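Small disclaimer: the values here were computed from a predicted structure and weren't measured. By convention in this document, chain letters (A, B, ...) are assigned in the order of the sequence lines, proteins followed by strands, and residues within each chain are numbered from 1.
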Amino acid sequence: MIKVVLPDGLEKTYRERTTVGEVAEDLGGPFKKKALAGKTNGTLVDLSFPLTRDTSLSVITEDSPEALEILRHSTAHIMAQAVCRLFPGAKLGIGPTIENGFYYDFHLERPLTEEDLANIEAEMRKIIKEDISFSRKTLSRNEAIKKMEVERQPYKMELISDIAEGEEVSFYTQGEFLDLCRGPHIPSSGRAPAFKLLSVAGAYWRGKETNPMLQRIYGTAFFRQQELDKYLKLLEEAKRRDHRHLGKELDLYSIKDDVGAGLVLWHPKGARIRNIIERFWCDEHYKRGYQVVYSPHIAKSGLWHTSGHWGFYRESMFSPFEVETAEYLVKPMNCPFHILIFKSEMRSYRDLPLRFAELGTVYRYERSGVLHGLLRVRGFTQDDAHIFCTPEQLEEEIVGVIDLAKYMLTSFGFKEYEIELAVRGRGEKEKYIGTDETWTMAEQALRRALEIKDLPYYVGEGEAKFYGPSIDIKVKDALGRGWQGPTIQVDFNLPERFDVHYRGPDGKDHRVVMVHRTVLGAMERFLGTLIEHYGGDFPLWLAPVQVRLLPVSEATNDYAHTVKKKLEGHGLRAECDDTNQRVGYKIRQGTLEKVPYLLIVGGKEMENGLVSVRTRKNGDEGQCTVDKLLERLEREINEKV
RNA sequence: GCUAGCGUAGCUCAAUGGCAGAGCAGCUGACUUGUAAUCAGCAGGUUGUGGGUUCAAAUCCCGCCGCUAGCUCCA
């Protein structure tokens with residue numbers, strides 16, 4: 001007999017080799033019907049797993065946090081089975097679960113089409129209807145390789161050959177389908193009620209560019225159709241908010257073939273938003289002791305040799321060009337310039353910290369396949385700054401940056417974020433530049449700064465760049481999607497390369513501590529995420545047009561213009577639609593352009609000095625005096641909502 | 001860069017080897033308008049680009065440019 005301890009502390013005894021499924025059955029209630037898998041001593045196992053010794057056990061049901069992953073993995077297997085039925089001779093790659101679903105990679109004789117996806121889905125439905133059970137078996141490593149040779153699965157053979165000699169290898173079968181897999185799985189295919197195949201794309205075998213490219217099918221699965229529908233709706237909503245469509249519809253920017261891929265033209269309205277953000281950015285930086293600087297777009301090659309960019313960043317830089325026998329490069333980063341500004345005079349410890357900030361436009365060669373709207377471009381303006389300080393000042397400086405970053409994110413409506421502290425990996429010291437002491441000092445300073453601000457974070461071991469540790473903040477937008485946000489990066493490399501130092505109280509020169517930091521990232525990328533975050537409904541303080549007057553007929557055009565002038569006098573961005581159109585048309589136009597406030601003015605308003613307010617949020621709100629409205633607008637602008 | 005798909009008027013799309021079309025936007029005129037599209041007329045094109053096949057190419061083939069979904073790489 002064996003003892004089984006359940007999560008609620010209950011102890012039960014069973015005879016040996018009782019399976020998890022039988023325990024679930026015995027427990028009855030929801031477990032009987034909803035059991036999918038089990039967890040013994042922290043390891044996930046199938047319902048058919050026989051218990052052979054005393055153990056803790058929790059039964060995984062559809063409501064358990066681990067359940068979706070199991071379901072999706074099993075659905076991936078069902079998809080693979082369907083593909084093998086429809087494409088005999090298909091070679092299997094890997095088929096893991098991912099954040100919102102799963103994928104499976106195949107080598108097939110011909111490229112897949114949309115129609116194929118529909119056929120595969122249909123075959124999957126058949127398999128689900130057949131309710132085939134998943135069963136596990138184990139083979140020795142060598143037997144497994146032989147088995148895969150017989151099955152003509154070269155990729156699987158490669159995977160198994162990476163497993164240590166003498167290890168056991170587990171397989172799962174559903175009917176005629178066999179797959180190398182760690183498991184666990186749902187008990188049978190009938191337990192996969194709701195799934196959808198989403199897309200096909202190429203993917204290199206094992207993610208290596210030199211390997212053959214397989215065809216990857218993406219899909220997702222849920223326990224309830226309702227949840228699947230909800231997820232598909234979310235995808236649609238994301239599509240609706242796509243900054244590339246909204247950017248065009250709202251006339252914010254364009255990217256023209258004639259100019260070049262990845263190079264952005266900012267139209268007046270997009271430029272307006274950008275300008276508001278940049279002014280806000282500048283003000284905030286001056287307030288916090290930064291000094292704004294400017295640097296050129298090009299510099300002699302020698303500078304980039306000194307900085308090391310030519311050595312390790314060359315493939316991201318535009319080709320050199322010659323001017324009067326000297327060779328120049330377009331800048332991919334701003335740091336060398338800020339360093340030269342720092343070095344333009346002798347710096348004392350009394351001068352530190354020095355904080356140089358710049359909205360610096362840089363150019364990077366990005367491979368054509370990675371360009372994407374505003375989010376991945378070849379020319380962009382970083383909201384860059386470099387802090388030069390002493391080791392003792394580092395912690396306080398980091399705290400200052402975190403405060404600024406938080407303030408910025410809050411101002412733009414980002415409420416949730418994740419913070420990673422990227423530190424050295426253990427036991428690979430040769431990968432990193434700088435001494436042990438400096439690394440420890442910097443990592444400590446970053447960690448303490450986070451603790452002082454009482455911010456939750458996780459440590460990314462081995463995630464640090466070779467030149468120093470960093471804090472990376474991922475923000476979540478209105479749809480819960482993650483975006484790269486502020487980064488704070490300590491650098492031990494450039495101060496060495498440029499011999500950046502300050503004169504200390506001891507009369508000697510000391511190596512400066514340098515911090516690169518950005519709070520928005522790049523204006524292009526930030527605007528792109530902001531468009532999607534707000535879905536184009538920019539809050540009043542950012543809206544390129546805040547108010548539009550809509551005179552009902554020609555008779556009230558003059559009155560509308562008077563009101564417009566008054567609003568403009570208070571710094572508001574107002575327009576007047578005095579076209580020869582009906583009000584309905586003007587309203588529709590204003591609504592599509594997402595103008596936050598539409599003010600309808602006809603005879604009734606003109607007589608009493610009023611406006612009829614129609615907001616983007618609530619629609620028709622009725623009449624109001626211009627002064628009352630001004631008060632409301634000013635409040636809303638200040639609140640940045 | 002790689003794999004697959006795509007590129008037609010400013011925008012959204014139709015025409016699949018046989019005269020390149022519609023709606024919206026634009027322009028002109030009429031209507032003087034009250035909370036999401038007033039009516040009529042006009043104009044708009046070397047079908048991304050260069051080559052090829054064909055009596056005939058938006059349509060079939062090849063190169064280049066660009067876009068999309070991913071892969072690889074990143075603000």
Enumerate, in order of first residue number, the stems that involve RNA chain B, defined as 3 or more consecutive Watson-Crick or G-U wobble pairs with both distances under 3.5 Å. B:1-7 with B:65-71, B:10-13 with B:21-24, B:26-30 with B:38-42, B:48-52 with B:60-64
In B/S/- notation (B base, S sugar-phosphate only, - none; protein heavy atoms under 4.0 Å), nucleotides 69-75 of chain B written 5' to 3' is SBBBBBB
Hey, is the side chain of A/Tyr585 poking within less than 4.0 Å of OP1 or OP2 on B/rU32, counting only N and O atoms? no
Taking atom P in both B/rA22 and B/rC61, what distance in whole Å separates the two? 29 Å
Could you work out the separation of B/rC6 and B/rC62 based on their P atoms and round it to a whole Å? 13 Å
Give the rounded distance in Å between these two atoms: CZ of A/Arg616 and P of B/rA36. 17 Å
Figure out the CD/P separation between A/Gln589 and B/rU38, and round it to whole Å. 10 Å
Spacing between A/Arg548 atom CZ and B/rA36 atom C1', to the nearest angstrom: 13 Å
Within residues 249-257 of chain A, those residues having any heavy atom closer than 4.0 Å to RNA chain B are A/Asp257
Electrostatic pair A/Asp578:A/Lys564 at N-O distance under 4.0 angstrom: no
Given the P atoms of B/rG50 and B/rA57, what is the spacing between them in whole Å? 15 Å
Distance between P atoms of B/rA9 and B/rU46 (Å, rounded): 10 Å
Can you tell me, in whole Å, how much space there is between the P of B/rU59 and that of B/rG18? 11 Å
Spacing of the P atoms in B/rC19 and B/rA36 (rounded, Å): 44 Å
Expressed as a whole number of Å, how far does the P atom of B/rA14 sit from that of B/rC60? 15 Å
